[in-house]
Amino acid sequence: MTQEKEALLEIRDLSVSFRRYGRGLGQTELNVISDLHLTVFPGEVVAIAGSSGSGKSLLAAAVLGILPGNAAVRGHMRYRGRELSAERQRELRGTEIALVPQSVAFLDPLMKVGRQADGHRKPYPTGKRRALFRRLGLPEETERLYPFQLSGGMARRVLVSTALLAGAALIIADEPTPGMSLEQALEALSMFREMANEGKSVLLITHDIDLALAFADRVAVFYAGTTVETAPAADFRRGPEALRHPYSRALWRALPQNGFQPAGGFQPYAGNLPKGCPFAPRCPLRTAECEEKMPPVTRVRGGEVRCRHAT
Amino acid sequence: MPLEARNVFFRYHRKSPWVLENRSLTVGRGERLALLAPSGYGKTTLALLLAGYLQPARGEILWDGKPLPAKGVCPVQLIWQHPEKAVNPRWRLRKVLEESGRLTEDRLASFGIERAWLDRFPRELSGGELQRFCVARALLSGAEYLICDEISAMLDAITQAQLWNVVLEEAEKREMGLLVVTHNRRLAERIASRVVDLSEEPAQ
Amino acid sequence: MRGMNRRACALCWAILLAAVLAAVYLLGLLIPDEAVAGSFLHAKEAPSLAHPFGTDALGRDLLMRTLKGLSVSVTVGIAASVISAVIAVFVGIAAATGSKRLDALINWCIDLVMSVPHTVLVILISFALGRGLKGLLIGIAATHWCSLARLIRGEVLQLRAQPYVSVSGRLGKSGGWILLHHLLPHLAPQFFVGLVLLFPHAVLHEASVSFLGFGLPPEQPAIGIILSESMRYLSTGMWWQAVLPGLTLVLIVLLVDRLGNQLQMLLDPYSAQE
């Protein structure tokens, strides 16, 4: 695929933790993302798939530098080969890196959405924005509405349009489709696809693995705060033999169309992650070493995987 | 004792358009009906009506031929899409289950709930684990019908399959009626004995 | 207080403040009346070691009078803010859970009370009830519940829209049960923060209304009275009679306000974890 090109966004060993109060006066560190690896190349759509509330959205916030004050970030993030410092994040966000946020709450409630999508770009890209609204199936009068007058699906499409208008090289879309009808979701995602074909990149954060598989070039499987496997989407279509990590295989088998067979056990909660591999307690292949140490990232058959026993 | 929506009309405000217009639907005891539709077809509204959270503007919701009881434990229980909103964030989960009246700890295993979770707060559990509590709470209340509104849409596939195994097993054991609201056709086909697609079936 | 986290910091403030308030209150009770008796031998003395706050025109020790006055202020402040906060909770819940008409009526009342300056209302009520401690207390309690009531109303409306509250109803729980188990525990933080933040208002209103002569009777050693008396002697250079009791009052009020803000930061879900 695009491995030879220089990576647009490169994340190495990223950890995000929160300081928070327990009972009484003590404070504890809560690790939400740990040792996450992810690479996004120009011209591709990379999906991060994992269950809701598992901390995927924090990855977007970490890349953009908009985490809340009690969060601590460790690890390396590089954008176009250069370290992504707080200063550089401020510079890049909104122009080079755009976010499609998860919720309607990200719209200014007191501003008409047309004006809001135009942003502070002068001259206002009104014509371009209208064309975009049309393609996303937003009726013409939408631009004169306030956010509270929009349905959930309409608001999401407005959010998508703001990111597309930014002309950014990297779009991070955080659950962009819930509330949209299938056709609208497909249209929105095919616009991301087109952008990728023009050489831009899209990082699609979603809990919907079917959606991820349909549109992404590569899928990163997110489990208990880290990416356990990054594989070409085609491998998921081929079946469990083509996948590398035991969790990805279990995930595949649990899909309604592939047998609906659940693996036992539970995804550990951010507050009590196991010491070693997060999947070890449920893993059929685990050895003593897995329970002791987080396995390193290895390249196996054109994918990246965090498992000692990957084949 | 079937659960029936008969020629139901509903809108949220007197001036807004109808969300549901002349909609009818019947779920029998022991039946697993999946309701499939894209957003905007009033799936959630129908679920809320059938569980007695909303009253239809016109038409009737009938359980065993009679309107749903306004007081007391409702025989139709709804499981919400977002479990973290359906449990009081300040309560330990033991209290959440006790709210349904009869908490018997030996039944927890069949709901896929570990005993240690009972003393935790909701924010200390994942969405999938919390959703099991919502299912358990509804089952413990002695419901005859479960309405599941996208209960696994936010979960990963493994947790989804685990949750549905619990629901299907319990439903079969007690011969409950299930109404499964979902946008996922593959899921609907996997779990339901009958699938109704609201977008294909125009209102009468 | 560096090196401590916010929660520990707030706890220290709370303890410090509770100690100061208790000390002030107890001192006020324990100081015998003789200590504030007049003595023309010592009239109009500037602050000294024997009389740290000086003495007034009748030779009364101002430190003792200030402490007694603060004790009255603290009593009025606590009583009035507790009554006000309780009224606010009842009114707020009634507005949020009652009929639309009741809600409209309550909102109208709130607007009405808020549209008149507090001081004027307190004076009117206190005057109508024959002044004194009772009139003042009722006056302050009856005027300070509005904004907290509005806050509680909003909070209850939001809570009632939460799925877990409606689930409770479908599980057969009555409205009263839901109020007691779901709503009230959620309101506790708002209630306490509101209570603490009401206290400075109540104290300052007590002092200002007494200062204007519509509150406590002149023989009572209250801060407002002391300040009002001091006005007559300011031009003769007796600065201590106004400045020192006034500063003490400001200090107490600032302390309580500080505590209220700390509490708010701790209990507000958006800043609680910072």
Side-chain angles (χ1 to χ4, degrees), chain A residues 20 22-23 30 49-56 151-154 156 175 177-186 206-213 221-224 236 246-272 279 282, chain B residues 12 16-17 19 34 36-41 43-44 81-85 92 112-114 116-117 120-132 150 152-166 168-169 180 182-192 197-199:
Chain A
R20 61 185 236 174
R23 267 156 239 161
L30 189 70
S51 59
S52 302
S54 58
K56 293 176 303 211
S151 72
M154 284 167 87
R156 290 248 184 187
E175 303 278 8
T177 55
M180 294 188 196
S181 75
L182 190 61
E183 295 77 49
Q184 290 161 356
L186 292 178
T206 179
H207 66 270
D208 190 336
I209 191 149
D210 291 326
L211 196 75
L213 292 181
V221 179
F222 191 86
Y223 180 81
F236 280 85
Y247 174 72
S248 325
R249 293 190 201 134
L251 200 62
W252 191 91
R253 288 196 199 96
L255 287 171
Q257 61 269 35
N258 304 339
F260 214 43
Q261 286 298 317
F266 310 105
Q267 194 167 139
Y269 152 72
N272 55 37
F279 191 63
R282 308 168 72 176
Chain B
Y12 282 93
S16 56
V19 180
L36 206 60
S39 60
Y41 274 85
K43 285 178 302 195
T44 295
Q81 180 177 0
H82 300 287
E84 62 282 357
K85 288 183 187 162
R92 283 176 204 280
I113 289 175
E114 301 204 345
W117 296 349
R120 298 215 192 141
F121 285 100
R123 64 176 163 80
E124 297 171 322
L125 292 180
S126 71
E129 288 154 5
L130 273 185
Q131 195 63 289
R132 273 171 239 230
E150 299 274 18
S152 60
M154 307 304 260
L155 307 179
D156 69 75
I158 296 177
T159 317
Q160 163 170 281
Q162 285 174 338
L163 184 73
W164 278 112
N165 280 350
V166 169
L168 294 178
E169 203 170 295
V180 180
T182 179
H183 68 283
N184 186 339
R185 181 172 286 278
R186 288 160 177 160
L187 180 68
E189 281 161 0
R190 168 66 66 174
I191 53 188
D197 191 332
L198 284 187
S199 59

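Letters A, B, ... are given to chains in the order of the sequence lines, protein chains preceding strands, and every chain is numbered from 1.
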Q. Does a side-chain heavy-atom distance below 4.5 Å link F222(A) with D156(B)?
A. no
Q: Could you tell me which non-hydrogen atom of A157(B) sits nearest to which non-hydrogen atom of L255(A), and how far apart they are?
A: CB-CD2, 3.7 Å
(Q) Using heavy-atom distances under 4.5 Å, tell me whether E129(B) contacts chain A through its side chain, its backbone, both, or neither. (A) side chain
Q.
Side chains of H183(B) and D208(A), heavy atoms from C-beta outward: is any pair under 4.5 Å?
A. yes
Q: Side chain from CB out, backbone as N, CA, C, O: work out which of these in L163(B) comes under 4.5 Å of a heavy atom of chain A, or both, or neither.
A: neither
Q: Could you check if a side-chain atom of I158(B) sits within less than 4.5 angstrom of a side-chain atom of Y247(A), using non-hydrogen atoms only?
A: yes
Q) In this structure, are over 12 heavy atoms from other groups packed under 6.0 Å from E169(B) atom CD? A) no
Q) Would a distance-only check, ignoring hydrogens and angles, find a side-chain to backbone donor-acceptor pair under 3.5 Å from H207(A) to A153(B)? A) yes
Q.
Is E114(B) close to chain A through its backbone or its side chain, or both, or neither, when contacts mean heavy atoms under 4.5 Å?
A. side chain
Q. Are F266(A) and T159(B) close enough, and set up right, to give a side-chain contact (heavy atoms from CB on, under 4.5 Å), and what steps lead you there?
A. CA-CA 8 Å; F266(A) 310 105; T159(B) 317; over 6 Å; no
Q | R186(B) side chain vs P256(A) backbone, donor-acceptor pair below 3.5 Å | A | no
Q) Between the main-chain N or O of A263(A) and the side-chain N or O of Q162(B), is there a donor-acceptor pair closer than 3.5 Å? A) yes
**Q.** Interface moiety of I209(A) toward chain B, non-hydrogen atoms closer than 4.5 Å
**A.** neither
Q: Quick one: closest heavy-atom pair of P262(A) and A161(B), and the distance?
A: CB-CB, 3.7 Å
